[in-house]
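All remarks here apply to the structure that follows.
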Amino acid sequence: MRFTESPVIELTVGNSKLSFHQDNGSMHVGTTVWPCSLVLVKFIERWHPSTSDNPYSTLFNFTNKRAVELGTGCGVAAMGLYLLGLKDIVLTDIAPVMPALKHNLKRNKPVLGKMLKIAQLHWNNSDQIEALKPPFDIVIAADVVYIEESVGPLLAAMEKMVSDSGVVLLGYQVRSPEAHALFWEKCYGIFNVEKVPHEHLHPDYAYEESDVYIMRKKL
């Protein structure tokens, strides 16, 4: 399910407004804006100010952190987190999605102040992974579990990309029962997984079917 059929989707982050163009006629899922990217950004925005009673204050201190987004699509999550202080970030996806990503980066350049870094990445391509110079402090992924065959490469890429002290921030929604079952079967062998309580999500973006997970490597 798309977030909306509208060709343009806007997302307010702080005092800024991002605008994304999605291609509803495309055969590639990466040219569509899916809900979990919005949920993830607004969750982090809610807890981003550092206060004494903030359970995520250390996690969302993005100072000097390196980050990568896997399956960035239209770039929603990465651009949103860039506005929240995650400045050293690279957006990755496969070649057919790059035109839509570049279009949306140009569209939002006046808000972002620059063009963000992008790179082509197939999750099973070790050369492309190494070219990004992992590990990263933060690996971002939203709505990326939908094909059973891609689960293994996705988890392997996450494991290679994230540092031993880093985190994977995952926006998640069940897209395929088979992919869902396989992902969590394999995931719990690699990562310690914390599910964010729904009441911690942004109240305007707490969709019943969408979840956020914080994942750390088992060492």
Side-chain angles (χ1 to χ4, degrees), residues 1-9 11 18-38 40-41 66-83 86-112 114-162 168-173 175-176 178-179 182-183 186:
M1 182 189 71
R2 290 184 171 90
F3 175 65
T4 175
E5 293 292 334
S6 171
V8 176
I9 293 162
L11 178 66
L18 296 166
S19 174
F20 301 93
H21 181 263
Q22 64 174 358
D23 182 0
N24 291 322
S26 170
M27 295 297 290
H28 299 288
V29 295
T31 61
T32 291
V33 173
W34 300 94
C36 291
S37 55
L38 307 170
L40 184 59
V41 171
R66 290 183 71 226
V68 62
E69 183 176 13
L70 306 180
T72 192
C74 294
V76 176
M79 289 188 224
L81 296 192
Y82 178 84
L83 291 177
L86 193 54
K87 299 304 184 185
D88 188 353
I89 187 168
V90 58
L91 293 67
T92 70
D93 215 312
I94 59 174
V97 178
M98 285 294 155
L101 175 58
K102 290 176 181 177
H103 170 75
N104 279 301
L105 282 168
K106 289 177 183 175
R107 184 184 184 95
N108 288 287
K109 186 178 178 182
V111 177
L112 299 169
K114 60 179 286 189
M115 288 290 286
L116 304 188
K117 293 179 286 187
I118 63 173
Q120 289 186 30
L121 177 65
H122 285 81
W123 298 331
N124 60 358
N125 189 316
S126 58
D127 290 338
Q128 290 180 340
I129 289 174
E130 288 304 316
L132 294 171
K133 299 189 181 343
F136 292 85
D137 302 297
I138 301 170
V139 174
I140 302 154
D143 261 318
V144 292
V145 181
Y146 53 88
I147 301 174
E148 190 176 5
E149 291 75 16
S150 70
V151 165
L154 170 61
L155 283 166
M158 287 178 172
E159 186 177 15
K160 289 175 185 174
M161 289 286 196
V162 70
V168 177
L169 299 176
L170 176 67
Y172 188 86
Q173 188 167 328
R175 299 294 180 186
S176 154
E178 295 80 13
L182 183 61
F183 179 82
K186 290 179 173 291

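Every heavy atom of this structure was used, including side-chain atoms; hydrogens, water molecules and symmetry mates were not.
Here the side chain of Asn108 pairs a donor or acceptor atom with the backbone of Ser19 at under 3.5 angstrom. Side chain of Thr92 to main chain of Gln120: no donor-acceptor pair is present (N/O by atom type, distance under 3.5 Å, no hydrogens or angles). With Glu69 contributing its side chain and Ala78 its backbone, the two residues share a donor-acceptor pair below 3.5 Å. A donor-acceptor distance shorter than 3.5 angstrom exists from the side chain of Asp143 to the backbone of Cys36, with no hydrogens or angles considered.
Partner Leu91 forms a side chain to side chain contact (heavy atoms under 4.5 Å, CB included) with one of Thr72, Leu70, Val68 and no other, that one being Thr72.
The aromatic rings of His103 and His21 sit perpendicular to each other, their planes meeting at more than 60°, with 30° as the lower class boundary.
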Residue pair Leu170, Met158: steps toward the side-chain contact (heavy atoms from CB on, under 4.5 Å) verdict: CA-CA 10 Å; Leu170 176 67; Met158 287 178 172; 4.2 Å; yes
Candidate pair Arg66 and Val90, rule side-chain contact (heavy atoms from CB on, under 4.5 Å), full reasoning: CA-CA 9 Å; Arg66 290 183 71 226; Val90 58; over 6 Å; no
Candidate pair Leu86 and Ile140, rule side-chain contact (heavy atoms from CB on, under 4.5 Å), full reasoning: CA-CA 11 Å; Leu86 193 54; Ile140 302 154; 3.9 Å; yes
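Crowding of Lys87 atom NZ: a count of heavy atoms from other residues, nucleotides or ligands under 6.0 Å exceeding 12.
Rounded to the nearest 0.5 Å, atoms NE2 (His122) and CD1 (Ile129) are 11.5 Å apart. Leu101 CG to Lys106 NZ: the interatomic distance, rounded to the nearest 0.5 Å, is 11.0 Å. The distance from the CD1 atom of Ile89 to the CD1 atom of Ile138 is 8.0 Å, given to the nearest 0.5 Å. For the atom pair CG (Asn104) and CZ (Phe20), the distance works out to 6.5 Å, reported to the nearest 0.5 Å. The CD1 atom of Ile94 sits 10.5 Å away from atom CD of Gln128, with the distance rounded to the nearest 0.5 Å. Note that CE of Met79 is 6.0 Å distant from CG of Leu112, once rounded to the nearest 0.5 Å.
Closest approach of Ala119 to Leu132, counting heavy atoms only: CB-CD2, 3.6 Å. Shortest non-hydrogen contact noted between Ala179 and Tyr146 is CB-C, 4.0 Å. The shortest heavy-atom contact between Pro96 and Pro99 is O-CD, 3.6 Å. For the residue pair Arg175 and Pro35, the shortest heavy atom distance occurs at NH2-CD, 3.5 Å.
For residues 122-134, there are no salt bridge (Lys or Arg N to Asp or Glu O under 4.0 Å) pairs, not counting sequence neighbours.
Using a 4.5 Å heavy-atom threshold, the side chains of Tyr82 and Lys114 count as touching.
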